[in-house]
Amino acid sequence: MADHSAPPLPLTARADRPLAGDIAVPGDKSISHRALMFGALAVGETRIDGLLEGEDVLRTADAMRALGAEVERLGDGAWRVHGVGIGGLAEPVQALDLGNSGTGARLLMGLVAAHPITTFFVGDASLSRRPMARVATPLEQMGARIVAREGGRLPLAVVGARAPMPIRYRSPVPSAQVKSAVLLAGLNTPGATTVIEPQQTRDHTERMLRHFGASVTVETEPGVGRRITVAGQPELVAAPVIVPGDPSSAAFPLVAALLVPGSEVTIANVGLNPSRTGLLSCLAEMGADIVLENRREAGGEPVADLRVRAGSLRGADIPAERAPTMIDEYPILAVAAACARGRTVMRGLAELRVKESDRLAGIAEGLGRCGVRVSVEGDDLIVEGAGNFPAGGATIETHLDHRMAMAFLVLGLVANQPVRIDDARPIATSFPDFEPLMAGLGAGFGVPG
Ligand code: S3P
């Protein structure tokens with residue numbers, strides 16, 4: 001785990017040579033968290049292959065141990081979880097420290113809310129700024145009590161319900177984390193727990209719960225949304241999980257290969273769950289040369305290899321409805337837009353304000369410093385692509401946000417002057433090998449002198 005008492009690690013990216021080679025990106029972060037959590041709730045032994053060994057997921061592994069499961073690393077990405085069964089979580093002796101991870105914190109709040117235990121949650125400065133009331137509100141309706149700082153923020157304690165009640169909850173925000181927290185609380189609750197989401201968000205929880213033997217039904221009602229119901233107190237049975245490569249991590253080398261002239265890169269084994277592929281739709285509309293090869297299923301999720309060639313991009317109008325399918329990809333899409341010809345409008349980005357940092361403000365600020373014409377109007381981000389590469393030559397503050405760090409390093413690979421980020425340490429939360437992997441493709445990263 002990174003030592004955050006150590007000084008920040010600035011890193012610079014400069015334009016150098018074309019990117020070339022074949023790579024694989026680390027396992028999907030969302031699926032990795034869920035595999036550890038559901039394995040810990042199942043009866044028997046769950047074997048996980050391809051687990052993301054980033055800091056966020058390692059925090060979840062520690063948390064599941066603290067809640068009583070046996071979690072063991074067998075080798076590179078290979079893990080074994082021996083579960084306690086639904087209802088079997090033990091009260092942790094120490095506070096659970098979820099570091100930078102909103103997914104870890106919110107999903108675990110749901111898990112413990114329907115167990116008769118009290119659990120304390122802490123996290124880093126970024127996580128301690130993020131809103132937790134969005135999960136606390138439905139969990140309190142189910143009978144849990146949550147004592148949090150002002151604004152429902154960490155540190156907080158969840159006093160789990162002794163007799164949890166099923167609810168029917170309409171989420172006011174499109175959030176897979178909110179949906180998942182309620183469904184996970186529903187697992188140890190008698191009766192049927194229902195979440196209605198206004199727009200579809202990533203559905204890894206629904207898929208994986210079924211994979212472990214739970215009954216999850218999904219109905220779509222036009223004009224209302226997607227209604228997901230879990231039947232309470234199932235026996236979850238251990239099941240092997242193969243984690244596909246994370247499309248949200250693949251996005252960085254993908255856009256780098258599109259932008260750096262003369263590049264050709266293949267990224268193997270990228271998850272293509274339709275609730276995650278919004279970026280590919282946008283890039284296709286912008287004229288990107290991306291070929292999906294070897295399409296197949298792995299571990300219940302569609303995957304393919306992506307062959308990417310550099311070329312010029314044009315601006316596009318990205319509808320708000322697409323946001324949930326690419327919510328983590330806006331920093332890197334904005335970088336692509338900054339190098340395109342013409343205006344790109346990215347609509348409906350309110351949720352970006354409550355990610356690991358305020359990404360809406362951070363993207364606008366960072367691109368502006370790099371000489372890009374950019375503005376925020378309401379919840380929309382507008383980037384004016386001049387059809388050539390931005391000036392660069394700036395230092396970007398990453399505010400403990402891994403995706404902001406990686407996006408601006410990619411911009412540095414094409415900008416006229418190098419781009420420096422103030423701290424590369426947060427990258428380890430989701431993509432620990434980002435630097436060596438990009439350097440292997442030919443990226444010019446270096447520690448500023
Ligand atoms: C995630 C859901 C998304 C995403 C996050 C991972 C998940 O957050 O930004 O990186 O694994 O459920 P929201 O559901 O809050 O949008």
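Numbering of ligands and ligand atoms starts at 1, following listing order.
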Distance-only donor-acceptor hits, side chain of residues 206-213, under 3.5 Å, sequence neighbours excluded:
{"from": "Glu206", "atom 1": "OE2", "to": "Lys179", "atom 2": "NZ", "distance (Å)": "2.8"}
{"from": "Glu206", "atom 1": "OE2", "to": "Arg226", "atom 2": "NH1", "distance (Å)": "3.0"}
{"from": "Glu206", "atom 1": "OE2", "to": "Arg226", "atom 2": "NH2", "distance (Å)": "3.3"}
{"from": "Arg207", "atom 1": "NE", "to": "Asp203", "atom 2": "OD1", "distance (Å)": "3.2"}
{"from": "Arg207", "atom 1": "NE", "to": "Asp203", "atom 2": "OD2", "distance (Å)": "3.4"}
{"from": "Arg207", "atom 1": "NH1", "to": "Gly300", "atom 2": "O", "distance (Å)": "3.0"}
{"from": "Arg210", "atom 1": "NE", "to": "Val216", "atom 2": "O", "distance (Å)": "3.0"}
{"from": "Arg210", "atom 1": "NH2", "to": "Val216", "atom 2": "O", "distance (Å)": "2.9"}
{"from": "His211", "atom 1": "NE2", "to": "Pro240", "atom 2": "O", "distance (Å)": "2.7"}

Do Thr429 and Glu55 have side-chain N/O donor and acceptor atoms under 3.5 Å apart?
no
Scan the side chains in residues 324-337 for donor-acceptor partners under 3.5 Å anywhere in the protein, sequence neighbours excluded, and list what turns up.
{"from": "Thr325", "atom 1": "OG1", "to": "Arg322", "atom 2": "O", "distance (Å)": "2.7"}
{"from": "Asp328", "atom 1": "OD2", "to": "Arg202", "atom 2": "NH2", "distance (Å)": "3.4"}
{"from": "Glu329", "atom 1": "OE2", "to": "Ser248", "atom 2": "OG", "distance (Å)": "2.9"}

One pair to check against salt bridge (Lys or Arg N to Asp or Glu O under 4.0 Å): Arg369 and Glu397. What are the steps and the verdict?
CA-CA 11 Å; Arg369 283 191 195 178; Glu397 287 161 41; 3.4 Å; yes
In chain-and-number order, ligand 1 lies under 4.0 Å from a heavy atom of each of Lys29, Ser30, Arg34, Thr103, Ser175, Ala176, Gln177, Arg202, Ile327, Asp328, Lys355
Can you confirm whether the side chains of His402 and Ser430 place a donor and an acceptor under 3.5 Å from each other?
yes
Ser175 meets the side-chain hydrogen bond (donor to acceptor under 3.5 Å, both in side chains) criterion, sequence neighbours left out, with none
